[in-house]
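See below for the structure under consideration.
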Amino acid sequence: MKILVPIKRVVDYNVRVQVKPSGSVDLDNVKMSMNPFDEIAVEEAIRLKEQNKAKEIIAISIGPAQASETIRTALAMGADKGILVQSPERLEPLNVAKILKAIADKEKPDLIILGKQAIDDDCNQTGQMLAALLNWPQGTFASKLELNGDSITVTREVDGGLQTLALKRPAIITTDLRLNEPRYATLPNIMKAKKKPIEQTTPESYGINPAPRLEILETLPPKEREGGVKVESIKELVEKLRSEAGIL
Amino acid sequence: MMTEERRLIQETAEDFTRREVLPLADRLDSEKGDIPDSLIEKMGALGFFGILIPKEMGGMGLGVYEYCLVAEALSRGWMSVGSLLARGNGFYKRVPGDKARREERVKAMARGEYLGAYAISEPQAGSDVAGIECRAKREGAEWVITGNKYWCTFADRADFIYVIARTGAGEAGRRHLGLTGISLEKERGGFPEGLTGEPIPKIGYFGWKTWELRFDGARTSYENAGEEGRAFYSLAEDFAVMRAHTAARAIGLARGALEDALAYAQAREQFGRPIGSFQAIRFKLAKMSSEVAAARALLYETCAAMDGGGDMAVMAARAKYVASEMAERVSSEALQILGGAGYTTLHSVERYWRDSRLTKIFEGSSEIMLRIVSDSLLGRGGD
């Protein structure tokens with residue numbers, strides 16, 4: 001069984017993101033790393049391989065040349081090979097999904113595991129769009145994944161609790177935070193990753209024009225949080241919820 | 001040069017520090033608790049104890065550069081954990097046992113399962129290594145060790161203790177020629193017959209105990225010794241690596257202090273705005289970050305030169321001097337930025353400050369480093 005794991009290079013989750021006066025996010029000298037949800041996707045694929053349920057894991061990243069660093073991290077964790085789709089453009093989920101569909105058509109995987117969203121734009125669209133383009137079943141926000149022959153059982157975290165789906169492969173899975181805890185790349189595996197291949201391609205080679213269709217009008221930092229107040233009684237709390245917060 | 005491989009190694013070490021080391025340090029340092037075995041096991045699984053062990057012996061076969069990257073990252077969380085690295089790695093050369101057992105033990109060392117402790121200093125012999133008085137006498141197929149040792153960190157938890165002992169008088173005026181390095185096998189967690197000790201009350205460097213040891217007829221096999229009378233020279237080779245390692249630890253501490261101070265300066269408000277908006281604080285932070293960057297550049301240039309081969313004693317001494325003096329200044333400034341909060345154990349800065357103070361003292365004091373550098377500039381001076 002072959003698993004594709006698309007991974008995105010994003011601003012590290014520990015970085016305090018700042019907006020430049022020119023109105024864009026400051027990416028100069030900022031630490032970049034693999035999107036945490038994608039790390040969970042890589043980990044899940046490796047666990048399936050360790051259980052002898054998968055044979056090959058291909059990590060794909062679409063982005064600037066430096067995205068090869070992100071692929072190398074996935075290879076050091078345990079993926080077998082990488083595909084770097086180099087594109088200088090700002091990528092939107094639909095274009096990403098189209099590129100991934102083209103790769104899926106060529107590689108014919110049994111499973112594509114993606115992060116449910118990237119922590120930079122928080123779109124939460126690529127997995128769903130890819131499922132639609134491929135016309136494959138999807139199990140999004142997975143907190144548990146079980147494979148039995150051709151069938152896949154996915155436990156999903158939804159608003160009301162947990163939902164369990166049975167899917168037939170090939171299928172799309174997107175990962176939620178509680179699916180697993182990703183491993184560290186060990187030093188011996190880092191050394192081994194050096195020899196693993198990374199194929200270099202472009203969106204154009206799949207016949208896809210990566211130009212964005214959406215225009216960013218403005219980038220604003222989140223509103224500063226205002227300090228809270230202490231209330232004396234439940235009555236006062238209810239009053240404030242009604243009059244000030246407008247919740248009740 | 002920062003290769004892709006080195007970047008990945010650094011990332012793993014930094015990630016590990018953030019997720020595993022820092023939370024432990026923040027909890028255990030203030031209660032003087034011990035670094036748990038589980039952390040050592042995790043470090044072993046990642047390959048941290050085998051960086052300098054040759055590939056054919058079961059290690060990673062990497063260099064001082066990679067060793068220092070990991071030490072720096074770990075010390076950014078807790079210097080004691082950055083220091084633990086040295087209980088494996090280059091220590092593989094001192095592992096006791098016959099050929100077959102040594103091979104097994106070196107492999108185990110690379111996994112963090114067989115670690116050593118140093119016993120070099122004595123109450124009356126610190127910087128003056130040649131003044132060592134602890135004696136080892138040959139009796140049949142064994143060495144019998146008698147004397148006192150000081151500053152033996154991890155001696156209780158180690159699998160062996162590397163003791164520098166006097167096996168001869170040396171020649172007139174060349175006392176150092178009488179010293180031999182002997183590895184004493186022991187059980188992890190205790191002391192063997194003929195060895196007792198007391199923990200030394202320190203003001204920092206917590207997470208493990210540092211011992212005063214009394215050898216009173218402790219025995220080890222005759223084969224567990226390095227070349228007789230040559231320990232001084234053998235140690236001198238280790239010193240350059242130890243000093244680069246200490247510079248890396250100092251830089252890790254300074255980075256921790258700087259990063260904490262930076263975060264605090266942006267969050268703490270006085271006179272209606274973050275203190276990071278006042279020039280007095282901004283310039284402090286700018287100077288601190290410049291000092292850290294300068295020391296790092298010097299250290300990694302030194303590491304690259306060491307990995308390139310040759311005697312880098314002077315470069316290592318310079319890097320150790322610059323980095324440790326810098327770390328004390330930077331962590332002290334960080335404490336100043338935190339103000340009263342910095343003088344509490346509620347923030348990590350005081351730990352970086354206490355621990356950085358030690359980097360100016362151990363593994364060759366700043367004064368000894370200056371002596372080495374000045375001798376290289378002017379020839380050997382008087383005393």
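Just so it is clear: chains get the letters A, B, ... in the order the sequence lines come, proteins before strands, and each one is counted from 1.
Atom CD of B:Gln279 is surrounded by 12 or fewer heavy atoms from other residues, nucleotides or ligands within 6.0 Å. Heavy atoms from other residues, nucleotides or ligands lying under 6.0 Å from CD of A:Glu232 number 12 at most. Taking a 6.0 Å sphere around NZ of A:Lys31, one finds it holds more than 12 heavy atoms contributed by other residues, nucleotides or ligands. For A:Lys144, the NZ atom sits in a loose shell: 12 or fewer heavy atoms of surrounding residues, nucleotides or ligands are nearer than 6.0 Å. Heavy-atom neighbours of B:Lys287 NZ from other residues, nucleotides or ligands within 6.0 Å: at or below the threshold of 12. Counted within 6.0 Å of CD on B:Gln336, heavy atoms from surrounding residues, nucleotides or ligands total 12 or fewer; the atom is thus considered open. When the shell of 6.0 Å around CD of B:Glu301 is examined, it contains 12 or fewer heavy atoms from other residues, nucleotides or ligands. For A:Tyr13, the OH atom sits in a packed shell: over 12 heavy atoms of surrounding residues, nucleotides or ligands are nearer than 6.0 Å.
Between A:Pro188 and B:Gly47, the shortest heavy-atom contact is CD-CA, 4.4 Å.
Of the listed residues B:Glu66, B:Arg18, B:Gln266, the one with more heavy-atom pairs under 4.5 angstrom with chain A than any other is B:Arg18. For the set B:Ile9, B:Val70, B:Leu46, the entry with the most heavy-atom pairs within less than 4.5 Å of chain A is B:Leu46.
Between A:Tyr184 and B:Lys42, every side-chain heavy-atom pair lies at or beyond the 4.5 Å cut-off. Residues B:Thr12 and A:Thr186 form no side-chain contact, since every pair of their non-hydrogen atoms from C-beta on lies 4.5 Å or further apart.
Proximity to chain A involves both the backbone and the side chain of B:Glu5, based on heavy atoms less than 4.5 angstrom apart. At a 4.5 Å heavy-atom cutoff, the contact between A:Ser68 and chain B is made by backbone and side-chain atoms alike. Heavy atoms closer than 4.5 Å to chain A are found in the side chain of B:Glu11, but not in its backbone. Residue A:Arg183 does not touch chain B at all, counting heavy-atom pairs closer than 4.5 Å. With a 4.5 Å cut-off on non-hydrogen atoms, B:Ala263 does not touch chain A at all.
The pair A:Glu181-B:Arg19 meets the salt-bridge criterion, since a charged nitrogen lies less than 4.0 angstrom from a carboxylate oxygen.
Taken to the nearest 0.5 Å, the CG atom of B:Leu262 stands 9.0 Å off from the CZ atom of A:Arg16. Here B:Arg7 contributes atom CZ and A:Thr73 contributes atom OG1; the two are 5.0 Å apart, rounded to the nearest 0.5 Å. Distance CG/B:Leu8 to CG/A:Leu75: 9.0 Å, rounded to 0.5 Å.
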